[in-house]
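Okay, so here's the structure we're looking at.
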Amino acid sequence: MLLRAYSIGLFPMADSADDPELFWVEPEIRGVIPLDRFHVSRRLAKTIRKRPFDIRYDTAFEAVIEGCARPAPDRPTTWINEKIRTLYTALHRMGYAHSVEAWEGSTLVGGLYGVSLGAAFFGESMFSLRTDASKICLVHLVERLKARGFQLLDTQFTTEHLKSFGAIDVSKAEYDVLLARAIASPNLAF
């Protein structure tokens, strides 16, 4: 059911981490990052060249969700409840949900996760315990998506942070066209 929801433009959320229920969201204005217009600032590009983190994929999916669910100074509460953790972990085991992880030695210091379906990647959440860790994960995600022929990077909503990378708002009608095109493609390997 969750994969079907993504394929028609819906995604689940919870009111809080303690709320056992989910509700479906279908925004009238959707955030996307056009892969061909992704922007990396000079400062971040310089940091990336220094390779401050070991970037890994799908090695600690559950730990990434845990990191995203943990309260942070800029986010004292979260929408990631136990049902969401369970559902996305199941999607990960099925090969549809993926994580990009920033490691310092044996310590996970940042990451992001999302769902891959057709030629679309639906970003869910990100976290960072070190400066730029989640940003660097996003850069690696986009490079991977571009290299593998993905067409759509859905961010659900836009924030000033995501806009700095080139995220834009599109209408529901525009999003539906982008989504239909990406979903019509065969599932791409993440």
Side-chain angles (χ1 to χ4, degrees), residues 2-3 6 11 17 31-33 35-36 38-75 78-82 84-156 159 161-162 164-167 182 185-190:
L2 189 52
L3 292 175
Y6 275 102
F11 59 88
V32 299
I33 296 178
L35 294 171
D36 60 345
F38 185 70
H39 170 75
V40 179
S41 71
R42 282 192 198 119
R43 185 198 63 76
L44 183 59
K46 183 177 177 181
T47 300
I48 291 169
R49 284 192 295 275
K50 294 178 184 175
R51 297 185 175 184
F53 309 112
D54 178 24
I55 302 300
R56 302 178 196 164
Y57 302 89
D58 290 336
T59 66
F61 184 84
E62 291 180 55
V64 170
I65 290 183
E66 175 63 34
C68 292
R70 201 175 299 127
D74 62 331
R75 189 191 65 232
T78 181
W79 54 270
I80 300 173
N81 65 8
E82 192 57 40
I84 286 174
R85 291 177 200 219
T86 300
L87 287 169
Y88 286 87
T89 299
L91 284 183
H92 174 66
R93 289 188 184 120
M94 294 167 59
Y96 290 101
H98 302 282
S99 59
V100 181
E101 310 143 9
W103 292 83
E104 280 183 343
S106 62
T107 304
L108 179 66
V109 297
L112 60 82
Y113 77 97
V115 173
S116 172
L117 188 61
F121 189 88
F122 306 89
E124 281 297 318
S125 190
M126 54 182 15
F127 82 101
S128 190
L129 301 177
R130 300 287 186 276
T131 301
D132 294 331
S134 63
K135 293 176 185 176
I136 292 172
C137 287
L138 179 59
V139 171
H140 282 271
L141 170 68
V142 169
E143 288 173 354
R144 191 174 185 103
L145 296 178
K146 288 164 84 172
R148 297 190 175 187
F150 279 76
Q151 301 170 21
L152 175 64
L153 174 51
D154 177 343
T155 65
Q156 299 174 347
T159 62
H161 171 69
L162 291 173
S164 72
F165 288 98
S185 296
N187 283 335
L188 297 176
F190 178 79

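The figures here come from the full heavy-atom set of this structure, side chains too, leaving out hydrogens, waters and symmetry mates.
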State, with a plain yes or no, whether a side-chain heavy atom of [X] is found less than 4.5 Å away from one of [Y].
{"X": "E124", "Y": "C68", "value": "no"}
{"X": "D54", "Y": "R56", "value": "yes"}
{"X": "R70", "Y": "L129", "value": "yes"}
{"X": "V139", "Y": "E143", "value": "yes"}
{"X": "V64", "Y": "L112", "value": "no"}
{"X": "D154", "Y": "Q156", "value": "yes"}
{"X": "S41", "Y": "F165", "value": "no"}
{"X": "S128", "Y": "V109", "value": "no"}

Where do I136 and T47 land on the side-chain contact (heavy atoms from CB on, under 4.5 Å) test, with the steps shown first? CA-CA 9 Å; I136 292 172; T47 300; 4.1 Å; yes
Checking side-chain contact (heavy atoms from CB on, under 4.5 Å) between L145 and each of L152, L188, L35, which is the one that passes? L35
Only one of L3, T86, L117 passes side-chain contact (heavy atoms from CB on, under 4.5 Å) with L91; say which it is. L3
Salt bridge present between R85 and E62 (N-O < 4.0 angstrom): no
Write down the atom of [X], the atom of [Y], and the distance for their closest heavy-atom approach.
{"X": "L153", "Y": "L141", "value": "CD1-CD2, 4.2 Å"}
{"X": "F150", "Y": "G118", "value": "CE2-O, 4.1 Å"}
{"X": "C137", "Y": "G111", "value": "SG-CA, 3.8 Å"}
{"X": "L108", "Y": "G110", "value": "CD1-O, 3.4 Å"}
{"X": "I84", "Y": "I80", "value": "CG2-CG2, 4.1 Å"}
{"X": "S134", "Y": "F127", "value": "CB-O, 3.3 Å"}

Does NZ or CZ of R130 lie under 6.0 Å from the centre of the six-membered ring of F53, at an angle within 45° of the ring axis? no
Checking ring pair (Phe, Tyr, Trp, His ring centres under 6.0 Å) for the pair Y113/F61: CA distance, chi angles, key distance, verdict? CA-CA 8 Å; Y113 77 97; F61 184 84; 5.8 Å; yes
With a 6.0 Å cut-off on the ring centroids, do F190 and F121 count as close? yes
Does the gap between the ring centers of Y6 and F11 come in under 6.0 Å? no
To the nearest 0.5 Å, how far apart are OG in S185 and CD in Q151? 4.0 Å
Any donor and acceptor pair, going by atom type alone, linking the side chain of H98 with main-chain N or O of D58 inside 3.5 Å? no
Given E101 and T59, is the side-chain contact (heavy atoms from CB on, under 4.5 Å) satisfied, shown in steps? CA-CA 8 Å; E101 310 143 9; T59 66; 2.3 Å; yes
D132: what forms a side-chain hydrogen bond (donor to acceptor under 3.5 Å, both in side chains) with it, not counting sequence neighbours? R43
Please step through side-chain contact (heavy atoms from CB on, under 4.5 Å) for the pair K135 and H140, ending with a clear verdict. CA-CA 9 Å; K135 293 176 185 176; H140 282 271; over 6 Å; no
